[in-house]
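One structure is given here, and the rest of the page talks about it.
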Amino acid sequence: MDENVSAVIRQHSLTLGFDACRITTATPPASHPQFQQWLANGHHGEMAWIARGAEKRGNLELILPGVKSVITLAAAYESTNAVGGSGTGAIARYARHHDYHEVLQEPLKRVTERVNESCGPGTRSLWYTDTGPILERDLAQRAGLGFIGKHTNLISPTLGNWFFLAEILTTASLTPDAPAKNRCGSCIRCLTVCPTQAILAPFQLDARLCLSYLTIEHKGAIPEALRPQLGNRIFGCDECLAACPWNRFASEGRLMRTHARHDLAQPDLLHLLAMDDAAFKRTFAGTPMERAKRRGLLRNVCVALGNTGTHDALPQLEQHAHGGEPMIAEHAQWAMATITRNCRR
């Protein structure tokens, strides 16, 4: 395929608001055996959907027969930290926006249409944004979009750590870009800053210990030994990302800028604890926070109050400590006991 076609696709993606666009082949990622070992070790926890798509992640032909190329795209999001005050919760920066799956959908469709138009009749393409059985970080690294850091996330030399990934699989044979080289050097800031030591070694993450996993993907009780490490976090954790020195190049992306939810920067914990189902849906509809559901959010809020709350939180926690949901009741009881113990010191 003519290099001019690849250039047209790249330029079109930038025009639509993406912050980077690179291309690689559809050759199976060399890291697939390591991914399989990660699954065998059980480091994916309860995320069974990852294991279900394991074979496809190593063979893109099973997703799109005849696939030749993968277009990888990045959409940066706001990287400024929100300094939480007393009685407030911390939400991961990516979640303080409207759901990126929805925001990126339309521009992704338009880039995909341009791919099919530019590459001629018979071209077939599929787009994904963190939704398909794809080793997207590995493909993005091979495309030169960035390099996988020791925290296992993709780092861009021009965007830092704060961006979303999207991919377009296509049967068109596009000119690939050069892969990115790892540029972590001797830095281990992400390893040392992790509150639960979930990064077992460089490039090795045990999701079962990760606070993002525990507050979002994990549906049961949060292990009591790990609750103090949550601090006031109620959805996700940014510590390993924020520690990365490459963030000096981070900037707010164009696509996500108008979709920021500034009201989620410092949410009041007692207000969240008092939410009923209708209030939860009204407040978090169309955001990643919906994934936790009200049950998961209340669990997380109870832990955050146990870690940071005062006697003022006890009356509301008391209501949940004897409520109809056993898991929430147990976390509320733990929070009450922790607050009472801390206040006696």
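Values below: all heavy atoms of this structure, side chains included; hydrogens, waters and symmetry mates excluded. The first residue of the sequence shown is numbered 1, and numbering continues consecutively from there.
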Less than 4.5 Å apart, any side-chain heavy atom of [X] and any of [Y]?
| X | Y | result |
| --- | --- | --- |
| Arg57 | Ile50 | yes |
| Ser156 | Phe249 | no |
| Asn307 | Pro228 | yes |
| Thr171 | Ser125 | no |
| Asn153 | Leu241 | yes |
| Trp162 | Met256 | no |
| Lys68 | Thr25 | no |
| Arg257 | Glu252 | yes |

Main-chain N/O of [Y] paired to [X] side chain as donor or acceptor, under 3.5 Å:
| X | Y | answer |
| --- | --- | --- |
| Thr123 | Gly120 | yes |
| Thr283 | Phe280 | no |
| Thr24 | Pro176 | no |
| Ser118 | Val115 | no |
| His331 | Ile222 | yes |
| Thr308 | Asn232 | no |
| Arg227 | Ala304 | no |
| Asn161 | Leu154 | no |
| Asn59 | Lys56 | no |

**OP:** Could you give me the CA-CA distance, side-chain angles and deciding distance for Leu145 and Leu165, then say whether side chain to side chain contact (heavy atoms under 4.5 Å, CB included) is met?
**Re:** CA-CA 10 Å; Leu145 198 64; Leu165 283 174; 3.4 Å; yes
Quick check for you: to the nearest 0.5 Å, what is the distance between [X] atom [atom1] and [Y] atom [atom2]?
| X | Y | atom1 | atom2 | answer |
| --- | --- | --- | --- | --- |
| Leu104 | Leu255 | CG | CG | 6.0 Å |
| Thr287 | Tyr100 | OG1 | OH | 12.0 Å |
| Arg341 | Met336 | CZ | CE | 13.0 Å |

Within 6.0 Å of [atom1] in [X], more than 12 heavy atoms from elsewhere:
| X | atom1 | value |
| --- | --- | --- |
| Lys219 | NZ | yes |
| Arg110 | CZ | no |
| His101 | NE2 | yes |
| Glu46 | CD | yes |

Subject >> Member of Arg295, Arg294, Arg299 meeting the salt bridge (Lys or Arg N to Asp or Glu O under 4.0 Å) criterion with Glu325 >> reply: Arg295
Under a 4.5 Å side-chain heavy-atom rule over Ile, Leu, Val, Met, Phe, Trp and Tyr, are [X] and [Y] clustered together?
| X | Y | value |
| --- | --- | --- |
| Ile91 | Leu273 | yes |
| Ile188 | Ile155 | no |
| Leu264 | Leu270 | yes |
| Trp49 | Tyr213 | yes |
| Val111 | Trp127 | yes |

So, are [X] and [Y] salt-bridged, with charged N and O less than 4.0 Å apart?
| X | Y | answer |
| --- | --- | --- |
| Arg22 | Glu167 | no |
| Glu217 | Arg291 | yes |
| Arg233 | Glu239 | yes |

Subject >> Criterion ring pair (Phe, Tyr, Trp, His ring centres under 6.0 Å) on Phe164 and Tyr77, from CA distance to verdict >> reply: CA-CA 8 Å; Phe164 301 116; Tyr77 57 89; 4.6 Å; yes
**OP:** Could you walk me through whether Thr72 and Cys21 pass side chain to side chain contact (heavy atoms under 4.5 Å, CB included), step by step?
**Re:** CA-CA 6 Å; Thr72 64; Cys21 174; over 6 Å; no
Subject >> Worked check of side chain to side chain contact (heavy atoms under 4.5 Å, CB included) between Asp19 and Arg254 >> reply: CA-CA 8 Å; Asp19 297 289; Arg254 293 170 294 155; 4.2 Å; yes
Original post:
Does Arg183 count as lying over the ring of Trp246, i.e. NZ or CZ under 6.0 Å from the six-ring centre, within 45 degrees of the axis?
Top reply: no
Original post:
Would you call the rings of His98 and His259 parallel, tilted or perpendicular, where under 30° means parallel and over 60° means perpendicular?
Top reply: perpendicular
